[in-house]
Amino acid sequence: MRYIFIAMKSSKRKTLLQPFLLSAKNRFFPKNKIPFRTLGVLIFSLAVCLVLYKVVVRVVTYFHSQNELGIILSLKIFQMAWITMFAMLVFSCMVSAVSTLFLSQDNEIIFAAPLAKSDIFFMRYVTTSIYTSWMMIVFSIPIFAAYGTVFKASILYWPLMLGAIISTAATATTFGMGFTVVLVNLFPAKRTKDIILYLSICFGIFIYIIFRLMRPEDLVNPDKYGHFIDYLSSLATPASPYIPAAWASNLLSYYLMDREIDILITALLVVTPLTLFFLGEWAMERWFLSGFTKSQESFGGYRSFFSRGKYKRSSLQWTFLKESKLFLRDSAEWSQLFMIAALVIVYLYNFKVLPVERSMFEEEYVTNLISFLNIGLTGFVVASLAARFVYPSIGAEGGSFYIIMSSPLSTAKYILHKYLFYVIPFTVLALILLVVSNRLLNIEGPMWWISVITGLIITWTVLAMALGFGAIYADFKAENRAAALGGIGAILFLFTAIAFEMAIIFLGGSPVYRVMRGWLRNGVMSAQDLLTLTGWILASVAISLFLALFFIRTGIRKLEASGS
Amino acid sequence: MDELNHTESNTSAGQNNTDDVLVIDSLTKKFGKFTAVDNISLEVKQGEIFGFLGPNGAGKTTTIKMIAGLLQPDNGKIFINNRSLVSEPQKCKQDTGYIPDRPYLFEKLTGFEFLQFIASLYNLEPETFSRNTAHYLKLFDLEDWQHHLIESYSHGMRQKLIISSIFMLEPPLIVVDEPMVGLDPKSARIVKELFKSHALRGTAIFLSTHSLEIAEELCDRIGIILNGSLRALGNLKDLQLAARLEHSDLEEIFLELTGAYELQDIINALRSG
């Protein structure tokens with residue numbers, strides 16, 4: 001009887017996983033088609049893994065070449081990598097778990113069916129874990145493998161490393177899932193999701209800023225070792241025994257250093273995810289239904305908004321209002337402003353601590369060169385942020401896009417309104433990055449103007465390209481703006497934008513160098529140099545206009561042809 | 001029946017009657033090899049409620065999306081108030097209010113903000129906006145909810161908000177896809193009365209529905225579409241003649257014209273089972 005029960009349970013669990021498995025199969029291996037897309041993604045991922053592996057091997061080898069402290073330091077970074085991976089997995093699993101457990105569209109079918117809560121937990125656990133941890137697992141393998149190569153580890157390291165990665169990921173996701181079930185009992189599901197989102201963003205910003213302010217480049221600078229000797233002695237101590245990620249780190253560190261396996265830690269790594277899974281199942285039985293009930297009650301209808309503004313007949317004004325309200329009322333969107341603020345702070349901090357005085361060339365030449373290259377860096381930041389915010393802005397209209405398309409507002413005007421909406425904050429951002437970094441580098445004269453003018457031309461063009469690509473590859477079914485980032489359109493946009501920026505910078509190298517050489521040597525610019533510079537700026541404007549108009553027009557045509 | 005079809009649809013683009021608000025001429029739309037709409041021609045006059053019926057997948061929504069300017073036809077022409085939708089899309093859209101079957105709205109706007117946004121898209125007079133929003137919000141019991149986010153609205157409330165947003169514009173042509181989905185009986189009654197009163201004031205209404213009762217009660221003329229082609233067109237009497245069921249109601253006519261004659265066998269099988 002007991003065997004029949006177990007067999008039924010496992011067949012139900014298999015059935016529950018069918019939609020996930022079949023969707024994945026249909027997505028990656030479509031019937032009667034060669035899966036070019038899947039092969040492309042696979043080759044791209046392998047290439048990224050290979051590059052990551054090579055870079056980490058080089059960095060760790062460099063540490064090793066220093067001295068004993070270098071080895072300790074490299075192992076400390078090894079430990080930090082494990083803990084960061086674990087924390088990121090816990091947060092991302094919790095954010096996903098709120099959605100998959102409480103807000104999924106298929107919940108009504110699943111929960112209305114005669115299924116045990118433990119079976120549902122199993123299904124959600126497997127799918128959420130795969131969604132949240134596959135990328136982390138895939139990209140952590142080359143990092144930890146590089147340590148094995150540099151430390152010349154024996155063959156046992158590889159299964160040990162794989163087991164440790166899987167166990168740590170499973171511990172993080174089981175903990176995240178179980179904790180979410182409990183948390184949704186205290187706060188409504190949507191509020192819980194917001195809270196976890198804020199916490200994870202704060203954690204990300206904290207790690208990012210702390211890591212940068214530690215100035216890791218100084219750690220491998222022998223001149224600074226005197227100041228860091230106390231710090232390095234503390235580095236040698238093993239990580240806290242209460243953090244599961246540290247177990248994996250300690251297990252592998254011992255093995256790398258002494259070729260010994262700590263049985264206790266191995267046992268902990270095996271037992272912990274299993275224990276947490278059963279605890280999660282128990283939490284699901286105990287608390288799930290009340291949390292799910294709450295998640296359906298908390299529809300936010302009690303909140304009213306101040307929207308009594310006087311109606312005016314300007315569609316431009318209302319597009320601005322609509323866009324800003326949708327942005328500011330969506331916590332997943334406006335919370336990204338913190339990330340941008342952290343990015344700007346660290347970006348500018350890099351210029352503040354730049355060791356230009358240690359350069360073998362004249363400081364003025366170096367700062368001007370950096371200022372020129374900074375145009376490209378600013379452009380890169382602008383392109384990345386445009387990929388996150390501007391590119392998905394058309395697809396983000398979702399099912400409501402029919403409203404725009406069936407209205408008398410022309411598609412061209414709609415795109416223009418969107419462009420004008422985004423051009424203001426992006427111009428401010430680009431100006432902050434360019435002007436403040438120029439100030440920190442003490443840049444004055446023609447270079448200041450070159451960097452600001454070219455930076456703005458690049459920013460405005462990249463925005464138009466983002467909107468154009470966003471229109472061509474608009475995904476009206478994407479769950480949120482961030483989801484659109486993984487699409488082929490976003491990748492193509494980024495490649496095109498970066499290629500455009502590099503072309504502008506590359507073309508400008510010679511004319512800017514000539515003008516700046518004359519200016520720095522004699523304080524004057526020859527007419528011929530000025531002419532070449534003007535030619536470059538005019539060519540840049542022409543290329544920019546052509547690209548902006550080309551992509552916007554193609555986007556408009558695509559939108560009009562496909563309707564909604 | 002073909003004769004009926006022919007006589008009803010022989011108005012060509014150049015010969016529009018002045019009171020024709022909507023003229024569809026040989027409209028065709030294909031998705032790959034599949035023909036969703038096949039050479040449809042019809043017209044809707046000022047003050048007329050035109051019912052568009054057909055089984056699931058017959059091509060109703062595709063036709064409606066082409067009239068609303070959301071899909072480009074592969075062939076044929078659409079004229080709204082004697083203007084071509086291809087050459088003057090903005091002017092045609094200005095004259096058309098489209099109510100879809102699924103109420104997708106901007107979730108993070110309040111109901112009132114949504115109405116303001118729609119009004120600004122159609123460049124509505126501020127006085128008309130103030131007068132009409134107050135009227136329709138009250139009529140549909142949305143007054144207390146107007147400053148709440150749309151994400152907190154029920155399906156029916158969303159549908160009522162979209163209907164309000166279109167009636168508020170007072171367009172000469174209203175195109176509606178399944179108007180009563182999700183509406184409570186009171187709101188459904190109000191919507192029916194609104195259709196009638198607006199038609200009396202001259203608005204042309206193109207209405208797609210599965211509800212034969214609604215079609216029978218509201219529509220002056222009905223078109224039945226099957227596999228992308230117009231199967232029949234005319235008033236109830238014309239349809240009765242076409243189906244050779246002179247004393248039958250619309251349900252029987254619909255089943256006859258859409259080839260649901262095997263239905264009787266299914267019913268018999270179910271009853272015997």
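Numbered from 1 within each chain, the chains take letters A, B, ... in sequence-line order.
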To the nearest 0.5 Å, tell me how far [X] [atom1] sits from [Y] [atom2].
X        : Y        : atom1 : atom2 : result
B:Leu71  : A:Met405 : CG    : CE    : 9.5 Å
A:Ile403 : B:Ile162 : CD1   : CD1   : 6.0 Å
B:Leu121 : A:Ser314 : CG    : OG    : 10.5 Å
B:Tyr122 : A:Ser315 : OH    : OG    : 12.0 Å
B:Leu105 : A:Tyr402 : CG    : OH    : 5.5 Å

- Task: Not counting sequence neighbours, list each pair that qualifies as a side chain to side chain donor-acceptor pair (under 3.5 Å) and has a residue in residues 53-62 of chain B.
- Result: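 Those involving residues 53-62 of chain B are B:Asn56-B:His210, B:Thr61-B:Asp177.
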In this structure, are over 12 heavy atoms from other groups packed under 6.0 Å from [X] atom [atom1]?
X        : atom1 : answer
B:Phe31  : CZ    : yes
B:Lys192 : NZ    : yes
A:Tyr419 : OH    : yes
B:Asp101 : CG    : yes
A:Arg553 : CZ    : no

- Item | Proximity breakdown for B:Ile118 and chain A, heavy-atom pairs closer than 4.5 Å |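 B:Ile118 touches chain A through side-chain heavy atoms alone.
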- Is chain A contacted by the side chain of B:Pro126, its backbone, both, or neither, given a heavy-atom distance below 4.5 Å?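 For B:Pro126, backbone and side chain are both near chain A.
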- Closest approach of A:Lys322 and B:Leu109, non-hydrogen atoms and distance?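 Result for this residue pair: CG-CD1, 4.0 Å.
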- Side chain proximity check, B:Leu149 to A:Lys325, heavy atoms < 4.5 angstrom: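 No, every pair of side-chain atoms sits at 4.5 Å or beyond.
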- Does a side-chain heavy-atom distance below 4.5 Å link A:Glu397 with B:Phe106?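 Touching, per the 4.5 Å side-chain cut-off.
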- Item | Steps toward side-chain contact (heavy atoms from CB on, under 4.5 Å) verdict (A:Trp318, B:Glu113) | CA-CA 9 Å; A:Trp318 256 98; B:Glu113 287 167 349; 3.9 Å; yes
- Would you mind telling me which of B:Asn123, B:Thr133, B:Leu169 has the largest number of heavy-atom pairs within less than 4.5 Å of chain A?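 Heavy-atom pair counts peak at B:Asn123.
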- Message: Under a 4.5 Å cutoff for heavy-atom pairs, which residue among B:Ala119, B:Ser130, B:Gly97 has the most contacts with chain A?
- Response: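 Top option by heavy-atom pairs under 4.5 Å: B:Ala119.
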- Item | Salt-bridge present (B:Lys108, A:Glu333; N to O < 4.0 Å) |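 A salt bridge is absent here (no side-chain N lies under 4.0 Å from a carboxylate O).
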- Item | chain B contact residues among residues 406-413 of chain A, heavy-atom distance under 4.5 Å |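 Only A:Ser406, A:Ser407, A:Pro408, A:Leu409, A:Ser410 of residues 406-413 of chain A have a heavy atom under 4.5 Å from chain B.
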